[in-house]
> 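This is the structure, below, for whatever I ask next.
Remember, predicted model here, so these are calculated numbers, not experimental data.
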Amino acid sequence: ESFAKQIDLHNTNGILQYGAGAQKKMADFSEKTLENVRSKDLGEIGDLLTSVVTELKTFDAEEEKGPFSFFKKSTNKINAMKAKYDKAEVNVEKVVDVLEGHQITLTKDIAVLDEMFKANMTNFKQLSLYIVAGKKKLEEVQNVTIPAMQAKAAETGAMEDAQAANDYANLANRFEKKLHDLDLTRTVSLQMGPQIRLIQNNDTLMVEKIQT
């Protein structure tokens, strides 16, 4: 109510700037979210996890070839087994180090995405305020103010009154288009919430796989 009363459609620049700050925030926010998505390479993490499993399975397969004949083998066989173990251990440790680095990054990102979700909700509410208040003002202008100005122009027959009514009607049309633009921006914000949660859930799932 109080916000709607502050809207002045006689101010041409005010109409142009109406909700522009909220739109700019949403544009910057969308870019930040997209950047967050682009910086992810979950495929690489998946490949690393696969390589760990492959490495361990390969070692197990080689170890299981002759369990009952193991003690009949020479010392060379035992040394070869130790060498294979050492090689597998080194390879696994290398991959583990990289995965732990990814885990730390993903955990931080999950926290950041929580803050982004809250920020998106704030943007959504702010845009909603501009839209609801703007529509309330527009309804008043279209149903009360403009008809009153047109009635006055018809009564007086003065050119300046007719021009004033026409100018105000044009300003109202421009304001209505502005509200439509804000509505489109709010739709982006509405869609952004589930997208943020989807990214966050993917990150969480990957962290869980790394821990496992």
> If you look at every heavy atom in Asp203 and Leu113, which pair is closest and at what distance?
OD2-CD1, 3.6 Å
> Supply the atom-to-atom distance Asn120 CG to Gln195 CD, rounded to the nearest 0.5 angstrom.
9.0 Å
> Quick check: are there more than 12 heavy atoms from other residues, nucleotides or ligands sitting under 6.0 Å from CD of Glu155?
no
> Minimum heavy-atom separation for Ile110 and Val207, please, with both atom names.
CD1-CG2, 4.1 Å
> Quick one, Met26 and Met192 - any side-chain contact, counting heavy atoms below 4.5 Å?
yes
> Under 4.5 Å between any side-chain heavy atoms of Lys108 and Ile104, yes or no?
yes
> Measuring from atom CZ of Phe124 to atom OG1 of Thr185, what distance do you get when rounded to the nearest 0.5 angstrom?
12.0 Å
> How many angstroms lie between CG in Leu184 and CG in Leu179, if you round to the nearest 0.5 Å?
11.0 Å
> Do Leu190 and Met116 sit in one hydrophobic cluster, given that two such residues count as connected whenever their side-chain heavy atoms are within less than 4.5 Å of each other, even indirectly?
no
> Would you say the side chain of His10 lies within less than 4.5 Å of the side chain of Asp167, judging by non-hydrogen atoms?
no
> Which atom names give the shortest non-hydrogen contact between Tyr18 and Gly134, and what distance separates them?
OH-N, 3.3 Å
> So Phe175 and Val141, side-chain contact (heavy atoms from CB on, under 4.5 Å) or not? Walk me through it.
CA-CA 11 Å; Phe175 187 63; Val141 166; over 6 Å; no
> As an exercise, state the distance from CD of Glu139 to CD of Glu176, rounded to the nearest 0.5 Å.
11.5 Å
> If you define the side chain from C-beta out and look only at heavy atoms, does anything of Asn202 sit under 4.5 Å from Met206?
no
> Checking the side chain of Tyr168 only, and the main-chain atoms of Leu9 only, is there a donor and an acceptor separated by less than 3.5 Å?
no
> Do the side chains of Val132 and Leu138 join up, straight or via other hydrophobic residues, at under 4.5 Å, putting them in one cluster?
no
> Could you grab the distance from atom OG1 of Thr12 to atom CD of Gln17, nearest 0.5 Å is fine?
12.0 Å
> Regarding Asp161 and Thr156, do their side chains bring together a donor and an acceptor under 3.5 Å, going by distance alone?
yes
> Answer yes or no: is there an ion pair linking Arg197 with Asp114, defined by an N-O contact shorter than 4.0 Å?
yes
> Does Asn11 have any side-chain hydrogen bond (donor to acceptor under 3.5 Å, both in side chains) partners at least two apart in sequence or in another chain, and if so, which?
none
> Side-chain contact test, heavy atoms from C-beta onward, threshold under 4.5 Å: evaluate it for Gln126 versus Lys25 and give yes or no.
yes
> Please determine whether residues Leu182 and Ile15 belong to a single hydrophobic cluster, defined as Ile, Leu, Val, Met, Phe, Trp and Tyr linked transitively by side-chain heavy-atom distances below 4.5 Å.
yes
> Carefully, step by step, assess Leu129 and Lys125 under the rule side-chain contact (heavy atoms from CB on, under 4.5 Å).
CA-CA 6 Å; Leu129 172 64; Lys125 289 178 181 178; over 6 Å; no
> Say you draw a straight line from CD1 of Ile196 to CE of Met121; how long is it, rounded to the nearest 0.5 Å?
10.5 Å
> Do Val98 and Val92 belong to the same hydrophobic cluster, where Ile, Leu, Val, Met, Phe, Trp and Tyr are linked whenever their side-chain heavy atoms lie under 4.5 Å apart, directly or via other members?
yes
> Could you tell me whether Lys177 and Asp181 make a salt bridge, using a distance below 4.0 angstrom between a side-chain N and a carboxylate O?
no
> Any idea which heavy atoms bring Phe3 and Tyr130 closest together, and the distance?
CZ-CE2, 3.4 Å
> Between Lys118 and Glu115, does any NZ, NE, NH1 or NH2 come within less than 4.0 Å of an OD or OE carboxylate oxygen?
yes
> Salt bridge or not for Arg186 and Asp183, using N-O below 4.0 Å?
yes
> Heavy atoms only: give me the nearest Ala4-Lys136 pair and the separation to one decimal.
CB-CD, 4.2 Å
> Indicate the atoms forming the closest heavy-atom contact of Leu127 with Gln23, along with that distance.
CD2-N, 4.4 Å
